Colleague: 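This is the structure, below, for whatever I ask next.
Note that the structure is a prediction, hence the values are computed from the model and not measured. To find a chain, count down the sequence lines: A is the first, B the second, and so on, and within it residues start at 1. Side-chain atoms are counted along with the backbone in the values below, which use heavy atoms only and exclude waters and symmetry mates.
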Amino acid sequence: MASRLAQPRTTGTYVRRLLVVGYLFLLVIWPVALVVQKTFEGGLDNLQTALSDAVVTDALQLTVVVALWAVAINTVFGVGISLLLVRYEFPGRGVLSALIDLPLSVSPVVVGLALLLAYGGTNGTFGPALEDAGLQIAFATPGIIMATAFVSLPLVIREIVPVLHEIGTEQEQAAKSLGAGAWPTFWRITLPSIKWALVYGVVLSLARALGEFGAVKIVSGNVAQQTQTATLVVEQKYQDFEQGSAYATSFLLALIAVAALVVVTILRPKDDTDGD
Amino acid sequence: MGIEIRGVNKNFGDFVALQDIDLSIPSGQLTALLGPSGGGKSTLLRIIAGLESSDSGTIEIEGLDATGLPAQKRNVGFVFQHYAAFKHMTVEKNVAFGLEIRKKPKAEVKKRVAELLKLVHLEQFSHRLPSQLSGGQRQRMALARALAIEPSVLLLDEPFGALDAKVRKELREWLRRLHDEVHVTTVFVTHDQEEALEVSDSLVVINEGRIEQIGTPDDLYDRPASEFVLSFLGPVTRLGDKLIRPHDIDITRYEHAATASGRITRWTRVGFEIRLEVTPDDVLHPDPVQVILTRTEATALQLHEGDMVWLRPRAGAEAALAR
């Protein structure tokens, strides 16, 4: 790699490394390790207690369902919006591009509140009408999915957009001149070209979706065994002096996210050179 | 037949890319669109392919009105300057793409791909990815891919522009031989006049969105219609009041019936070639005259920088344009 310089190692090299490792250790590794350590303090007791508690298992199940839905929605719309942003000129493109980043900058609590205002069952803008039609959004799974999709929307798009820019349109034009229509071009050329960016975006959104707390707390109503997600359980168990279950649930959440990242890192081809 | 272009105009905002283009490209020939960068030749090629739409005018390909047809229905083979290889597919898959889109039977696809890879000398690379090929190999793969669909016309947009000089020369000769074998109506865009003169059956010179001249390479070189065509097809210099090619000037150290006389004020040697600048004594034509001769000639004439010399058009040289 050209961006890495082969320099002689000096004291400075080691000082810099120590700084980086120290920073990561104090901020990330040590606290997370403590969670793991606390989880396994009494052997597997904490995990067993947590996993035999219906409140925890229901919450974990809900979290997984919500995360999968949110990720699925974000994958489809993420790819669509990315293509729109990169491949088409239209008025308001700049505004759309800026709006995409909104979920990253606005506090999730505000997102939750906004969704409640729009879709609340009693006094939301669309809520009563939807509820009459038999679809409850706020304080139910659809609302939780929406909140989660909202906060993790930019992750897929921000991964794909630079790759779409980089691959350019020539391959797509070549496919067109060889007789491929819009769909075959997308499936056979565009999608394989952005595959790894998409996978990475999906994994990041999955991790983010599993961990969402603020927006979900407001939208869900936090009813145990119904609308309580895993992160909400962690908070509740911790406050109810059931730290063992809180640690165990935290550990499981972290485990899924880390596992997803590790799998992607292993799968992702090392030799990512382009064909130019 | 071939390609009929009628009244094509194209603007990009205020910029006029093509203006009232009328052009007939005959079937089965290799035609070069030659011109400086930004002159509109690539735009014209892309309009023929359907990758760009014209503001007005019609395109007919082999008797079929293609004006409103999208690129994927025109059955043209297009080769891009930067190969546009499908990076995630092997060479074989790249070449097979157009056939698979057309849902041809597997066995037929396999046979055809093998034939084409043989034609472009890439048989042993069929399982490689484009990133494992050299530029020249990638462009040959792109050509095979474009030929696979048995296109009515083959369009090449500066096909050798991204390659180094040696490979460019090899591929150019190879393209000429390939065309003699395949005989598909071929149009290629280039800004390299040597490439155009060497490869093409006929030449279309395009400048600033207009066609300057159409003809065979010899026509254009010997009888350029304008000063632009003359100077674009090769170096040109002014001797007296005539424009002439620098290698068509006779140079001696002895006084004779000359058009101009003066001292050699510049001496550049490039391999076998010697490029001189002679500053004439004539106050009416004081601009330096370029003269090109071989090293052997210069040695035989015992020329040196600073020598007084006499210049005149060589016998047989046609003073191209009197201006």
Side-chain angles (χ1 to χ4, degrees), chain A residues 1-3 75 79 82-83 86-91 93-94 159-202 264 267-276, chain B residues 45-46 48-52 69-91 93-104 128-135 137-138 141-157 162:
Chain A
M1 252 200 220
S3 55
T75 306
V79 172
S82 306
L83 282 171
V86 178
R87 294 285 188 259
Y88 298 91
E89 278 290 339
F90 55 92
R93 199 177 63 155
E159 285 290 325
I160 295 178
V161 163
V163 177
L164 277 177
H165 273 298
E166 192 195 311
I167 60 171
T169 55
E170 272 205 343
Q171 291 184 57
E172 288 163 23
Q173 287 177 1
K176 237 174 116 183
S177 78
L178 290 168
W183 268 114
T185 305
F186 174 75
W187 282 111
R188 286 161 171 262
I189 305 301
T190 315
L191 198 58
S193 309
I194 59 171
K195 186 173 64 183
W196 286 109
L198 181 61
V199 169
Y200 210 69
V202 162
V264 169
L267 285 182
R268 197 169 198 159
K270 304 270 179 302
D271 185 26
D272 224 357
T273 50
D274 56 18
D276 231 18
Chain B
L45 196 77
R46 294 173 61 83
I48 299 173
L51 296 173
E52 201 93 63
L69 280 184
Q72 63 264 34
K73 301 224 168 101
R74 293 197 182 190
N75 201 39
V76 296
F78 201 95
V79 174
F80 297 80
Q81 178 176 4
H82 297 287
Y83 330 122
F86 301 143
K87 292 173 189 175
H88 57 286
M89 297 182 191
T90 59
V91 170
K93 281 277 165 200
N94 263 277
V95 176
F97 186 85
L99 299 170
E100 284 177 357
I101 287 287
R102 282 164 176 71
K103 306 227 175 349
K104 299 269 185 208
R128 293 228 187 147
L129 285 173
S131 56
Q132 297 164 308
L133 300 181
S134 71
Q137 289 169 334
R138 268 181 236 178
M141 177 193 84
L143 248 161
R145 185 175 70 179
L147 286 171
I149 61 171
E150 292 179 39
S152 1
V153 293
L154 180 63
L155 308 173
L156 307 111
D157 189 3

Colleague: Decide yes or no for B/Phe80 and A/Gln173: does some side-chain heavy atom of the first lie under 4.5 Å from some side-chain heavy atom of the second?
Modeller: yes
Colleague: If I measure from the heavy atoms of chain A, does B/Ala142 come under 4.5 Å with its side chain, its backbone, both, or neither?
Modeller: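 No part of it gets close to chain A.
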Colleague: With a 4.5 angstrom heavy-atom cut-off, which part of B/Arg74 approaches chain A: side chain, backbone, both or neither?
Modeller: neither
Colleague: Step through the shown structure and confirm whether more than 12 heavy atoms of other residues, nucleotides or ligands are within 6.0 Å of OH on A/Tyr88.
Modeller: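 It does not: A/Tyr88 OH has 12 such atoms or fewer within range.
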Colleague: What's the separation between atom CD in A/Glu170 and atom CG in B/Leu51, rounded to the nearest 0.5 Å?
Modeller: 9.5 Å
Colleague: Heavy-atom cut-off 4.5 Å, strictly under: side chain, backbone, both or neither for B/Leu129 against chain A?
Modeller: neither
Colleague: With sequence neighbours left out, what residues match B/Glu100 under salt bridge (Lys or Arg N to Asp or Glu O under 4.0 Å)?
Modeller: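 By the salt bridge (Lys or Arg N to Asp or Glu O under 4.0 Å) rule, B/Glu100 matches A/Arg188, B/Lys93.
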Colleague: Do any side-chain atoms of residues 176-183 of chain A form donor-acceptor pairs under 3.5 angstrom with protein atoms, and if so which ones, sequence neighbours left out?
Modeller:
unit_1: A/Ser177; atom_1: OG; unit_2: A/Ala174; atom_2: O; d: 2.9

Colleague: Heavy-atom pairs under 4.5 Å with chain A: which of B/Gly98, B/Ala49, B/Ala84 has the most?
Modeller: B/Ala84
Colleague: Where does B/Arg46 contact chain A at under 4.5 Å (heavy atoms): side chain, backbone, both or neither?
Modeller: side chain
Colleague: Is there a side-chain contact between A/Ser193 and B/Lys87, using heavy atoms and a 4.5 Å cut-off?
Modeller: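 They are not in side-chain contact.
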